[in-house]
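Here, residue 1 is the first one in the sequence, and each next residue gets the next number.
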Amino acid sequence: MSADLTDLVARGVNGSRLASRHNALAAIGALHPQGLCREAFSAADAEARGLICDWAAASGYVASIDAIGNMFFAHPGADPTIAPILIGSHIDSQPAGGPFDGQFGVLAAWEAFEALHESGLPLRRPVEVAIWANEEGSRFQPTTMGSAVFARRLPLQRALAATDTAGRTVAAELQRLRASLGEIRDRALGFPVAAYVEAHIEQGPILERRGIPIGVVTSIQGLRWFTVEVAGRTGHAGTTPEADRRDAFVAAHNMIRRLRDLMADPEDVVRFTIGRFEVHPNAPNTIPGSVLFTIDFRHPDAAVLKRLGDQVEQICREAGGPQCQVTITETLDSPPTILDEELAGAIARSADELGIRTEPMTSGATHDAKYLAMVCPTAMLFIPCRDGISHSVLEHADPEHVELGTRVLAGALGLIASDGR
Ligand SMILES: [Zn+2]
């Protein structure tokens, strides 16, 4: 029975329809000669949402939007009293991003949604396509804003008050975006959801290197962020003897060397990044009086995240020595997310029945699925992207993989949404 269900829905996936939607959406915010700039709540974001609303209107689907700008698309026959299965991703991009991060997941969901309804399969639960607002967080922080507010992990008022570098608020930009969409239904924030499935490009090189077209995501790694502030004393570079120096750069350099030793991992699972490093006063002939640097540390195992992360403070204090004062602030502590086994099983079975090879994997990047997993059973599938590159104008996914991923998603949806699960 399940093989028939998978096939019934997956067969309905129309590769050329998918490709033409991709091209139409990728044109909105396109950079030249390649890439995409479609930051959250921008004019391009509004235009892209408008295009998707046009597709919905043409098919008779019902569009709705919640208070943080997440959008949902339902079949007109869906029973609104039953918690739906959501499938989707995001359509906002980095300022110099590509047209697959997020967009692939939304278009795969859209195509799977159409294939599901065209199949005439009796559904146990309604299915809706979700577009999460401001996943990227490049213009307004934090990232995954829409799904975090939806899952009640971020207060709505705080999200609405976030400002971009020009001082514009999410609230004002969202109001403008909503007005551009015309008539659209209001949706309650954080309504009950039965399950969530998201397709995404891998944003890493593993699938491509192994020649596997589909990754079944079993977990999203956890992360801890720290800000380290080192206070020394400025002084003349030519006249201050070594013993009299309180050089904040030297202290920070010692800390980073020891942190790199701590995080060294022969298995290459630990991810440790100093992404920001600021030296003051940043003058060639002055001993640096203060340094600020950030730590982004990620690992799929909560125990490792705790064991290594808990040593950061002590190492920085020791390495700072008596010369410098060190202040360490942990700005984020997000545990690993374990995704739903049964839903992951449906993805693997769908691929299997379509004769497509899969591999279980951990997601290195954070996704909206992380927040959805806090409110409902959640699964993700990955497709390869060229050279593992994402958050770049060079981002690219093979159209063949885009279509395969969409078929697997559609087949899995057939299994999850039908009576025959
Ligand atoms: Zn994304």
Set out, in order, the CA-CA distance, both residues' side-chain angles and the distance that settles salt bridge (charged side-chain N to carboxylate O under 4.0 Å, His left out) for D310 and R224, then state yes or no.
CA-CA 10 Å; D310 285 357; R224 295 177 74 172; 3.0 Å; yes

Run the ring-ring contact (aromatic ring centres under 6.0 Å, His included) test on F382 and H367 for me, step by step, so that the C-alpha distance in whole Å, both residues' side-chain angles and the decisive distance to 0.1 Å come before the verdict.
CA-CA 12 Å; F382 281 165; H367 296 284; 5.7 Å; yes

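Taking NE2 of H396 as the reference point, atom CZ of F100 lies at 5.5 Å (rounded to 0.5 Å). Going from atom CG of D101 over to atom NE2 of H391 covers 4.5 Å, rounded to the nearest 0.5 Å. Rounding to the nearest 0.5 Å gives a distance of 5.0 Å between OG of S180 and CG of L177. One distance of note links CG of L259 with CD1 of I295; it measures 5.0 Å at 0.5 Å rounding. The structure places CD1 of I214 at 6.0 Å from CD1 of I356, a figure rounded to the nearest 0.5 Å.
Contact of the F41 side chain with the R176 side chain is not registered, since no non-hydrogen atoms from C-beta on lie closer than 4.5 Å. Between I52 and W110 the shortest side-chain heavy-atom distance falls below 4.5 Å. Side-chain contact between R139 and E173 is present, with heavy atoms from C-beta onward closer than 4.5 Å. Contact check for V127 versus H75: no side-chain heavy atoms found under the 4.5 Å cut-off. In this structure, the side chains of Y61 and F113 come closer than 4.5 Å at one or more pairs of heavy atoms. Taking 4.5 Å as the limit, some side-chain heavy atom of V230 sits within range of a side-chain heavy atom of M255. Side chains of T362 and V269 form no contact here, defined as non-hydrogen atoms less than 4.5 Å apart. Between F277 and V291, some side-chain heavy-atom pair lies under the 4.5 Å cut-off.
Side-chain contact check for W225 and D296: at least one donor-acceptor pair (N or O, by modelled atom type) lies under 3.5 Å. Residues E229 and T327 have side chains that never bring a donor and an acceptor to within less than 3.5 angstrom of each other. A side-chain donor-acceptor contact under 3.5 Å links N14 and S16. D301 and H299 are not linked by any side-chain donor-acceptor pair at a separation below 3.5 angstrom, with hydrogens and angles left out of the test.
Salt-bridge check for D186 with R178: passed, with a basic side-chain N closer than 4.0 Å to an acidic carboxylate O. The pair R257-D261 fails the salt-bridge criterion, with no side-chain N (NZ, NE, NH1 or NH2) lying under 4.0 Å from an Asp/Glu carboxylate O.
Shortest non-hydrogen contact noted between L354 and R407 is CD1-O, 3.7 Å. Minimum interatomic distance between G364 and R298 (heavy atoms only, all atoms of both residues): O-NH1, 3.5 Å. The shortest heavy-atom contact between L305 and F297 is O-CE2, 3.5 Å. Here the shortest heavy-atom pairing between A369 and E198 reads N-OE1, 3.4 Å. In plain terms, the two heavy atoms of T169 and L160 that are nearest each other are CB-O, 3.7 Å. A pairwise comparison of heavy atoms in A130 and V106 identifies O-CG2, 4.5 Å as the closest pair.
Counting only residues at least two apart or in different chains, salt bridge (Lys or Arg N to Asp or Glu O under 4.0 Å) contacts with residues 366-389 are absent.
Between R38 and the choices D92, L31, I91, the side chain to side chain contact (heavy atoms under 4.5 Å, CB included) rule is met once, by I91.
No side-chain donor-acceptor contact under 3.5 Å links Q175 to the backbone of A171.
A cation-pi arrangement is present between R187 and F72 under the rule of less than 6.0 angstrom and at most 45 degrees off the ring axis.
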